[in-house]
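Written out below as C-alpha cells is the structure these notes cover.
All figures in this text were calculated on a predicted structure; none of them were measured in a lab. Chain letters run A, B, ... following the sequence lines, proteins first, then strands; residues in each count from 1.
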Amino acid sequence: MSSAPASSAADRLARRFAALKAEGRGGLVTYMMAGDPDHATALSLMQGLPQAGADIIELGMPFSDPMADGPAIQAAAVRALQGGMTLHGTLETVAAFRAGDDETPVILMGYYNPVYLYGVEAFARDAVAAGADGVILVDLPPEEAAEVLPAFRAHGLHLIFLTTPTSDDARLPMILKDASGFVYHVSIAGITGAQAAQEDAVAEMVRHIRAHTELPVAIGFGISTPAQAARFARLADAAVVGSAIVRRVAEGGDALGFVRELADAVRAPAP
Amino acid sequence: MTQIQTLNTYRGGPDDRGRFGPYGGRFVAETLMPLILDLERAWDSARVDPAFQAELQGYLSSYVGRPSPITLAQRLTDRLGGARIYFKREDLNHTGAHKVNNCMGQILLARRMGKTRIIAETGAGQHGVATATVCALFGMPCVVYMGATDIERQAPNVFRMKLLGAEVRPVTSGSGTLKDAMNEALRDWVTNVESTYYLIGTAAGPHPYPAMVRDLQKVIGEETRAQIMAAEGRLPDTVVACVGGGSNAIGMFHPFLDDPSVALIGVEAAGEGLDRHHAASMAGGRPGVLHGNRTYLLQDADGQITEAHSISAGLDYPGVGPEHAWLRDTGRVSYVPITDDEAIEAFQMVTQLEGIIPALESSHAVAHAIKIAPGLPADHILVVNMSGRGDKDIAAVAKAIGAKENLS
C-alpha cells in the first residue's frame with residue numbers, strides 16, 4: 001500500500017500477521033497501561049507477555065482525561081500518573097522491552113494531547129527509535145489524521161485507524177484509505193470494559209471492512225474472557241483484551257496467568 | 001511565500017473543518033464522528049430555516065422572557081466616578097442565566113432530529129438547570145452529569161434539577177468538576193448513539209458545538225447593541241464578560257467583533273492567583289487538544305490536563321472555547337484575570353449598590369469593570385454582561401466572607 005510506512009525492515013506487524021496466517025489462527029492482542037502501577041512492575045509484566053502468549057502488545061499511554069475508557073482503564077491511568085509515568089517514560093518502557101524482544105509488535109494507544117504537546121515529529125522519531133510499531137490515537141479521527149500522518153509515515157510508524165459500529169459504508173473507504181498496519185475494529189458503541197458485542201453483528205461488520213481493505217482486522221472492546229477472545233479472534237485476524245487484564249493488575253492478581261489462559265483459548269482448535 | 005493576512009471580518013469563522021485559525025476541529029472518537037457530522041448537517045439546515053427560527057423566537061420571548069433589558073448601574077457608576085456602567089441583564093432570564101438561550105435552541109434541534117433522550121454536563125449547575133427546564137417543557141428524559149465536588153457546592157441547583165425531573169449523576173473521577181462531567185457525558189453519548197442528544201452548555205467541544213452555541217447566544221450581543229443605541233445613540237466603548245468555556249462572552253462579543261471602536265474584554269478566573277491555583281487557561285495555559293477541540297488548556301509538561309480552581313463553579317474548567325483562543329491570538333479581544341477575592345468584593349459591592357445579586361461567574365466581569373471604570377472618562381460607555389444571578393452562590397459567598405472575617 002502506498003500509505004504503508006517507508007521502513008519495512010521494522011515491520012514487525014506484517015511479519016506477525018503473516019505468521020498467524022501461516023499458523024491458521026487469530027492472534028491475541030493484550031492491552032496494558034504503561035507505568036501501572038509503577039514503571040518496574042509494568043515493565044516486568046510487559047516482558048512476560050510474549051512468553052505468556054500475547055502475539056501483539058498494546059501499551060497504554062496514560063492520560064488524565066481518557067473519555068473513551070471505562071472505569072478499569074481510567075483507574076489504571078490514574079495509578080500510572082500517580083506513579084510518575086509520562087510519555088517519555090512510556091517510550092522508555094518500550095525501549096527497555098525491545099532490548100529483550102525484537103519481534104513482538106508494540107502498539108501505543110492513547111489520546112492525542114500528550115503526543116501533540118511532545119511534538120508530533122519528535123514523538124514519531126522517538127517512538128520508532130524506542131521500538132514502537134504503531135500508534136492508536138483514540139481522539140484523532142480520519143478527519144484530523146493529516147496532523148500526524150506525514151511525520152508518522154516519514155519515520156515508519158503505523159497510524160492504526162479505528163472502525164466502529166457507526167462507521168457506515170460511506171465512511172469506511174475514507175477511514176481505510178490511509179490505514180496501515182492493521183485495522184482496529186471497536187466492536188461496540190461504547191467505552192472500554194463494556195459488555196461484549198453480538199458476534200453475528202461483528203462478523204457482518206468485518207465483512208464490510210474487508211470489502212475496503214486487505215489489512216488484518218483486530219476486534220476490541222468488551223472482550224473479557226478466554227472463550228470470548230477465542231471466538232472474536234476467529235471472526236477476524238486478532239482479538240484485543242484490555243480491561244480484563246488491567247483489572248487483574250489492579251487487584252494484584254496473576255495477570256500473566258490470565259494472559260496464558262487467553263492465549264491457550266485462541267490457540268485451541270475451533271469447536 | 002509570505003502572506004500578510006488582513007482580516008476583513010472577525011465574524012467569518014469557523015471554516016468548513018470547524019477551525020478558528022488553528023483552534024477548534026473535531027477531535028472525537030470515531031464512534032462519535034458520524035453523529036457530529038449529522039449534527040452539523042441538522043444545524044446547518046435548522047439555522048437557516050425560517051420555521052425553526054420562528055419557533056425559537058417564540059419560545060425565547062414567551063418562555064425565556066427575552067429580550068432581557070439593559071440597566072444603567074447608576075450608583076455603581078457614581079461610586080466609581082468614571083465610566084458609565086450598564087449591565088446586560090441575562091440574570092433576568094427564566095432559570096436565572098444566559099444558559100437557557102442555548103438550551104432552548106438545542107432542544108428544538110434535538111426534537112427536529114428525532115432524538116428522544118437528552119444528556120448534559122454541568123459545572124455550576126446553571127446549564128444543568130436550564131437543560132432540565134427545557135426537558136421538562138418538552139417532556140424529554142434528561143440525565144445531567146455533574147462533578148461530585150460541584151454537587152456539594154451547588155446543592156440548590158442539584159435539588160432544582162431533580163425537581164424538574166432530571167437525573168443528576170455524580171461524577172467522582174478526576175477532580176469531580178466540570179471537565180470530568182464532560183468526560184462522563186461523552187462516555188454516555190458514545191454508548192447511546194442512536195437515541196441521545198448531547199446538549200453541550202458552552203461554546204466548546206467538537207465542531208459544530210462552538211459555532212452553534214455561539215449562534216444561539218449571540219442574541220445577547222445583538223440585543224445589547226440595539227438597546228445601547230436606543231439609550232445612548234451610539235455603540236459602547238467597552239464590553240466586558242466573564243469567560244469559563246466562554247458562551248456568554250462569545251454571545252456578547254460576536255456582534256461587536258467588526259466594530260473596531262468597541263474594546264472587548266474577556267475575564268478569566270484567576271482563582272487564588274495566577275501563580276497558584278486558577279482557571280485562567282489563556283493566561284496560564286497553552287494550546288492542546290481536549291473534549292473534541294484544540295484550544296488553550298491548563299496542562300503540565302507531559303500534556304496531562306491539570307485541575308482548574310475557581311470559587312465560581314461555572315468558570316472552573318481547564319479549557320476555553322476555541323473561538324476565544326483565536327480571538328486572543330489575533331488580539332481582537334483582550335483577556336484579563338480576576339481572582340476569587342476580587343470577585344467576592346465585586347459580588348458584595350453590586351449587591352449593596354444596585355440591589356442585584358450577581359452570579360459569582362458574572363462577578364468576575366463586574367470586578368474588572370470596577371477596576372477600570374475609575375480611570376475612564378464619564379462619557380465612556382462600559383457594558384458588563386450580567387450573565388446570571390447569584391442566588392445559587394449565597395452559601396459559597398457566606399463561607400468565603402466568613403473565612404476572611406475569621407482570619408482578620
Side-chain angles (χ1 to χ4, degrees), chain A residues 61-71 74-75 77-78 80-81 84-90 110-119 123 136-147 161-168 170-171 174-175 184-186 188-192 194-195 221, chain B residues 16-19 22 24-38 40 171-175 179-196 206-207 285-295 297-307 318-319:
Chain A
M61 303 181 280
F63 183 49
S64 52
D65 293 78
M67 50 274 194
D69 284 301
Q74 288 175 44
V78 170
L81 292 172
M85 187 43 68
T86 61
L87 186 48
H88 279 102
T90 301
Y111 296 80
Y112 183 40
N113 194 55
V115 169
Y116 176 71
L117 202 68
Y118 193 104
F123 170 78
I136 299 171
L137 294 170
V138 177
D139 54 352
L140 196 75
E143 277 80 353
E144 306 287 0
E147 296 220 353
F161 282 85
L162 305 173
T163 57
T164 72
T166 61
S167 311
D168 56 24
R171 277 189 70 74
M174 200 266 288
I175 298 169
Y184 188 127
H185 180 60
V186 175
I188 52 162
I191 55 179
T192 54
Q195 295 291 310
F221 281 45
Chain B
D16 57 6
R17 298 167 64 213
R19 301 283 182 108
R26 291 180 283 222
F27 297 90
V28 296
E30 167 60 22
T31 314
L32 292 180
M33 243 353 264
L35 283 74
I36 302 265
L37 295 172
D38 257 1
E40 184 182 348
V171 178
T172 53
S173 59
S175 50
K179 87 172 167 81
D180 310 294
M182 203 153 180
N183 290 335
E184 212 54 41
L186 285 165
R187 291 182 187 118
D188 181 314
W189 199 22
V190 86
T191 307
N192 299 287
V193 291
E194 292 297 330
S195 63
T196 297
H207 180 63
R286 53 186 143 171
V289 174
L290 180 72
H291 292 154
N293 57 171
R294 178 172 14 242
T295 187
L297 298 172
L298 298 180
Q299 53 185 322
D300 67 15
D302 188 43
Q304 308 299 335
I305 309 305
T306 54
E307 292 178 11

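- Heavy atoms of A/V78 lying under 4.5 Å from chain B are absent altogether.
- Considering only heavy atoms from C-beta on, B/E30 stays 4.5 Å or farther from A/F161 through its side chain.
- Only the backbone of B/A301 comes within contact range of chain A, with at least one heavy atom under 4.5 Å from a heavy atom of that chain.
- B/P287 touches chain A through backbone and side chain together, each having a heavy atom under 4.5 Å away.
- For B/T31, the parts lying near chain A are the backbone and the side chain together; criterion is any non-hydrogen pair under 4.5 Å.
- Between A/V186 and A/T163 there is no side-chain heavy-atom pair separated by less than 4.5 Å.
- Taking chain B as the reference chain and counting heavy-atom pairs below 4.5 Å, the highest number among A/A194, A/G190, A/A68 is found for A/G190.
- When B/V190, B/T191, B/D180, B/D302 are compared by the number of non-hydrogen pairs under 4.5 Å with chain A, B/D302 comes out ahead.
- Using modelled atom types and a 3.5 Å distance limit, the side chains of A/T192 and A/D69 yield a donor-acceptor pair.
- Within the 4.5 angstrom heavy-atom criterion, no atom of A/L137 approaches chain B.
- For A/Y118, no part lies near chain B; criterion is any non-hydrogen pair under 4.5 Å.
- Looking only at heavy-atom pairs under 4.5 Å with chain B, the residue among A/H88, A/M67, A/E143 that has the most is A/M67.
- Atoms CD and CD, from B/Q304 and B/Q299 in turn, are 9.0 Å apart once rounded to the nearest 0.5 Å.
- Heavy-atom distances place no part of A/P165 under 4.5 Å from chain B, backbone and side chain included.
- The NZ atom of B/K179 lies 8.5 Å from the OG1 atom of B/T306; values are rounded to the nearest 0.5 Å.
- Looking at B/D188, there are no atoms closer than 4.5 Å to chain A (heavy atoms on both sides), in backbone or side chain.
- Contact tally against chain A (heavy-atom pairs below 4.5 Å) for B/L186, B/I305, B/L32: the top residue is B/I305.
- Inspection of the B/N183 and B/H291 side chains reveals an N or O donor paired with an N or O acceptor under 3.5 Å.
- The candidate from A/Q74, A/R171, A/E147, A/E144 with the greatest count of non-hydrogen atom pairs under 4.5 Å with chain B is A/E144.
- Proximity to chain A (any heavy atom under 4.5 Å) is shown, for B/E194, by neither the backbone nor the side chain.
- For a residue to count as touching a neighbouring chain, one of its non-hydrogen atoms must lie under 4.5 Å from one of that chain's; by this rule A/M61 does not touch chain B.
- To the nearest 0.5 Å, the span separating CG on A/L117 from CZ on A/F123 amounts to 13.0 Å.
- Side-chain rings of B/F27 and A/Y112 approach one another, their centers coming within less than 6.0 Å.
- Although no hydrogens or angles enter the test, the distance criterion places a donor-acceptor pair under 3.5 Å between the side chain of A/S167 and the main chain of A/T164.
- The backbone N or O of B/N293 sits nowhere less than 3.5 Å from a side-chain atom of B/R26 that would complete a donor-acceptor pair.
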